[in-house]
Amino acid sequence: MNDVVIHERRDGYSIITLNRPERLNAFNEAQHLALRAAIDSCEADQDCGAIVLTGAGRGFCAGQDLADRDPTILGDSPDLGMTLETYYNPLVRRLRGLQMPVICAVNGVAAGAGANIAFACDIVLAAKSAKFIQAFSKIGLIPDAGGTYWLTKHLGEARAKALAMTAHPLPAEDAASWGLIWKAVDDDALMAEATALAESFANGPTRAFALTKQAIHAASGNSLEEQLEVERALQREAGWSDDYKEGVAAFLQKRPANYRGRKSG
Ligand code: T3D
C-alpha cells in the first residue's frame, strides 16, 4: 500500500504531500494520523524552516472521506462534533500555531474541509485550474475546519453565506482577487513558486516569522490599542534575536544577511 502522506525533507524545509489521489486525497483516519506525524517531525527538526503542504494527483483534498461516513456503517446518531475535535480542529490549531511558515500549494480541487485546511495555512498559492468548494451543504452539513471563520473574516457575510449555501466552486483566480488566498499561478509553475518561497523562508529570520504569525493572528480579536501592546511585546522579543542584529549589520555593511533562525549548530 502507498504511504497516505509523503514527507520529503529538502534543504531547510519540508514538502508534505497528501497521497490518496484515487479519492482526491480525502481524509481518512490514516491520512490524519500520518499528516500529524509528518508535522510532528517538522516541528522537532530545528533545521526545518518552512513547510509546503500539497496534494498528489489532480486534487488537493476533497475533505472528509465520505466512504467512512456511510450511514449503514455509522448508524443514526454519528457524533461529528467528536470527529472535528479529534482530527480537524487540532489540525487547524496546529497549522496556525506552528513556528515556521506553512505554504499551501493547492494543486487542484479543494473541497469541504480540504478547502478550509488550505485556508488555515499561512500562505496559499493555487494552480489556476484549482477550485475551492464549500461542499458541505450538498451533504447537509455546515462548513467546518474553520470555514465559517475564514470565509467571514476574509470575504464578509454576503460572500461567506453564498459560498457556503450554494457550494459554488470558486476558481483560484477569484479566490485570489477576493483576498481568500495569496495568489493563483500557472499550473506548471505552482511547485516551483511554492518551493522557492519555502527556501527563502528557510534562509530568513525564522523567529521573526513566528512572531509575525502570532501578532497577525492576535489582530482579529483586538482593538488597535490592544494590538499596539501586542506589537510592543513581540517586537521587544524580536529585537533580542541574533537575526535582528545580523539583519541590521548586513544592511549597514551592504551585504546579504546570513540569518541563523531555527538552524541548529
Ligand atoms: O465527517 C466528519 O468527520 C465531519 C467533517 C467533515 C469535513 C468535510 O470535509 S465534509 C465534506 C466532504 N467532502 C465532500 O462532500 C466533497 C465530495 N466530493 C465532491 O463533491 C467531488 O468529488 C469534487 C467536487 C471534490 C470533485 O469532483 P470531480 O468530478 O472532479 O471528481 P469525482 O469524480 O467526484 O471524484 C473522483 C474520485 O474521488 C471518485 O471516486 P471514483 O468514482 O473514481 O471511484 C470520488 O468518489 C472520489 N471522492 C471525491 N471526494 C471524495 C471521494 N471519495 C470519498 N470522499 C470524498 N470526499
Side-chain angles (χ1 to χ4, degrees), residues 1-6 16-36 39 53-96 104-121 124 126-152 154 160-175 180-181 184 187 190:
M1 202 177 73
N2 287 342
D3 290 340
V4 291
V5 166
I6 300 168
I16 299 177
T17 305
L18 305 176
N19 189 36
R20 303 183 70 231
E22 68 289 352
R23 294 270 169 99
L24 301 178
N25 307 315
F27 274 105
N28 62 4
E29 190 179 22
Q31 189 172 271
H32 272 294
L33 295 177
L35 177 57
R36 193 176 287 177
I39 296 173
L53 177 65
T54 191
R58 72 177 178 87
F60 169 66
C61 175
Q64 171 61 41
D65 187 328
L66 296 176
D68 291 352
R69 293 293 179 266
D70 183 336
T72 60
I73 302 168
L74 220 53
D76 286 339
S77 308
D79 185 351
L80 299 187
M82 194 177 76
T83 70
L84 291 185
E85 203 41 56
T86 308
Y87 296 110
Y88 291 99
N89 292 357
L91 175 57
V92 169
R93 292 187 187 109
R94 193 78 193 282
L95 291 168
R96 296 276 284 180
C104 192
V106 181
N107 53 299
V109 66
N116 297 332
I117 292 300
F119 301 144
C121 296
V124 186
K128 283 184 182 163
S129 66
K131 290 182 171 48
F132 296 89
I133 311 175
Q134 297 294 319
F136 305 89
S137 62
K138 297 257 185 199
I139 55 168
L141 292 183
I142 70 160
D144 58 26
T148 56
Y149 182 84
W150 316 126
L151 296 177
T152 310
H154 299 313
K161 284 178 183 163
L163 288 176
M165 291 180 194
T166 65
H168 168 79
L170 186 70
E173 286 178 283
D174 290 346
L180 195 51
I181 66 168
D187 287 25
L190 178 70

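We count ligands from 1, going down the list as the structure has it; atoms in each ligand are counted the same way. Since the model is a prediction, treat every value here as computed from it, not as a measurement.
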Quick one: ligand 1 N/O to protein N/O pairs below 3.5 Å?
| residue | atom | partner | partner atom | Å |
| --- | --- | --- | --- | --- |
| ligand 1 | 1 (O) | Arg69 | NE | 2.7 |
| ligand 1 | 3 (O) | Arg69 | NE | 3.4 |
| ligand 1 | 3 (O) | Arg69 | NH2 | 2.8 |
| ligand 1 | 3 (O) | Thr83 | OG1 | 2.4 |
| ligand 1 | 9 (O) | Gln64 | N | 2.9 |
| ligand 1 | 9 (O) | Ala113 | N | 2.9 |
| ligand 1 | 13 (N) | Ala62 | O | 2.9 |
| ligand 1 | 30 (O) | Arg58 | NH1 | 2.9 |
| ligand 1 | 30 (O) | Arg58 | NH2 | 3.4 |
| ligand 1 | 31 (O) | Arg58 | NH2 | 2.9 |
| ligand 1 | 38 (O) | Glu22 | O | 3.4 |
| ligand 1 | 55 (N) | Leu66 | N | 2.9 |
| ligand 1 | 57 (N) | Ala62 | O | 3.1 |
| ligand 1 | 57 (N) | Gln64 | O | 2.8 |

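Residues passing the salt bridge (charged side-chain N to carboxylate O under 4.0 Å, His left out) test with Glu29: none are found, sequence neighbours excluded. Under the salt bridge (charged side-chain N to carboxylate O under 4.0 Å, His left out) criterion, Asp144 pairs with no residue at all, not counting sequence neighbours. Residues passing the side-chain hydrogen bond (donor to acceptor under 3.5 Å, both in side chains) test with Glu173: none are found, sequence neighbours excluded.
Checking Tyr87, Tyr149, Trp150 one by one against Val92, the side chain to side chain contact (heavy atoms under 4.5 Å, CB included) holds for a single residue, Trp150.
Looking at heavy atoms from C-beta onward, Phe136 lies out of side-chain contact with Ile142 at the 4.5 angstrom threshold.
A distance of 6.0 Å or more separates the ring centres of His154 and Phe119.
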